[in-house]
Protein chains: 2
Amino acid sequence: MAKEMNPVKRDRPPPVSIDDVDRKLLRLLAEDATRKYAELGEAVHLTAPAVHERVKRLKRDGVITGTVATLDGKKIGCPLLAFIHVDTDGWGLTDSVLELGGLADVEEIHSAAGDTCVILKVRMRGTQDLEALLARIYRFEGVRSIRSHVVLNTYLERGPKPEIEIGGSAE
Amino acid sequence: MAKEMNPVKRDRPPPVSIDDVDRKLLRLLAEDATRKYAELGEAVHLTAPAVHERVKRLKRDGVITGTVATLDGKKIGCPLLAFIHVDTDGWGLTDSVLELGGLADVEEIHSAAGDTCVILKVRMRGTQDLEALLARIYRFEGVRSIRSHVVLNTYLERGPKPEIEIGGSAE
DNA sequence: GTTGAAAGGCCCTCTGC
DNA sequence: GCAGAGGGCCTTTCAAC
C-alpha cells in the first residue's frame, strides 16, 4: 500500500473513527452531559435511538471516558490553585510522585519536556497546605528544585473538546 | 463574639455550609455522576429522597457547577498536551488572552503570581497547531516571553475533590 | 439510518411519620 | 431526617421499513 509512502500521514492515526456528527455530540456532552438524547438528536439532525447508538459506541471505544460532576473549588473550601513544577536529577522520582495521586489536593500529574520534569496541578485549602506539600516533595530523592505558580484568577477551565473541522483550528 | 479574636479562623469562611455527608456525596459524584441516588444513599446511610434533596441543594448553591462527559484527548485527535506560560509587561494582555478561550484547543486560562503572568493549558492535534498558537500569542502587545511545557505523559487528571476530614490532608 | 410502540427504570414529588 | 407510593419522563429495546 501507499500508506508508508505518504509523508502527510500521521505516524499513529487513531484506531477509532469519529466523524463530524460524533464530534458535535462530544462537544455537547463535554459541555453538559445531562442533555437528553432527543435534544442531542435535533442538534445533529438524528433521532434519539440513533444518537443513543453513537454515544454507546463512543463510550465503548473509550472516547468518552466517564461522566463527572464538576465542583467549585472555592465552595468546597479549596480556593488555592497552584501549578508545581518539579525538577529532578534522574527518573527515580516517578514512584514517589505517583503516590501524590492519593492526595485529594492533587488533581493532575504530568511528566514534561523542557526545563522541568514533573508538573502538578493542586487545589488546596490554603498556603499552609501548600507549604506542607512542598516540604513533602522536597523530601523525595533526586529533587533538584521546585517552582510554584499560585493562580490568582481562573478565566477558563474545562475538559478536552474535539476540533470541529479537519482543516480549521478554532471556534 | 470571639470570632475575630481567634487567629485560627480563616479570613473568608465559605458562605455555603457543607458537612461530611455532603463531602462524601461530592466525591462520589465527582468520580462518577451517573451513580443512582439509591446507590449514593447506601454509601452515606441515607435514603434516595434525602440524597436527592442534598444534591439539589448543592447544585442550587453552586457547589456542583455542572455535569460533563470526560473525553480521551488522544482518541479525539488531540494527543499533544502543553502548558504555556506567558510573561507580559503590563496587564493589557488580559483581553487578548481571554479571546483564546474561543479556541477549542485552550482548556484553561489562569492568571498567576510568580515569574509568569498567564498560564494556559492547551490540547492540540500536533506541534504545528502549537506553533501557530504561540505565533498568535507573540503577536499580542506586551508579551515579553513565552515558555512552553509539552507533556510527555499524564499520570493523573481529574477535577476538584473535597477533603474528607477537617483536620486531615489526605486520602 | 428511520418510525412507532412498548417495557422498564429511575427521577422526583408528595404524603405521612 | 425516614418510609412508601405514585406519576411521569426518559432511556432502551424491539419491531418493520
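Numbered from 1 within each chain, the chains take letters A, B, ... in sequence-line order. All values derive from a computational prediction rather than experimental measurement.
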Student: Given side chains that start at C-beta, do those of Leu100(B) and Leu156(A) come closer than 4.5 Å, heavy atoms only?
Tutor: no
Student: Can you check salt bridge (Lys or Arg N to Asp or Glu O under 4.0 Å) on Lys59(B) and Glu53(B), steps first, answer last?
Tutor: CA-CA 10 Å; Lys59(B) 285 181 179 170; Glu53(B) 197 63 31; over 6 Å; no
Student: Quickly work out the Lys56(A) NZ to dT12(D) C1' distance and round it to whole Å.
Tutor: 8 Å
Student: Quick one: how far along DNA chain C does chain B reach, first to last nucleotide 5' to 3', anything under 4.0 Å to a heavy atom?
Tutor: dC10(C) to dT13(C)
Student: Is the ring centre of His85(A) less than 6.0 Å from the ring centre of His85(B)?
Tutor: yes
Student: Among Leu58(B), Ile64(B), Thr65(B), which one satisfies side-chain contact (heavy atoms from CB on, under 4.5 Å) with Leu71(A)?
Tutor: Ile64(B)
Student: Roughly, in whole Å, what's the span from CZ in Arg57(B) to C1' in dG1(D)?
Tutor: 13 Å
Student: Can you tell me which nucleotide in dG1(D), dA3(D), dT11(D) comes closest to the side chain of Tyr37(A)?
Tutor: dT11(D)
Student: Taking atom types as modelled, find out whether Thr67(B) and Thr34(A) have a side-chain donor-acceptor pair closer than 3.5 angstrom.
Tutor: no
Student: Heavy atoms, side chains only, cut-off 4.5 Å: are His110(B) and Leu120(B) in contact?
Tutor: no
Student: Nearest whole angstrom, please: distance from the P of dC9(D) to the NZ of Lys36(A).
Tutor: 11 Å
Student: For dT11(D) and His52(A) - does any side-chain N or O of the residue sit under 4.0 Å from the phosphate oxygens OP1/OP2?
Tutor: no
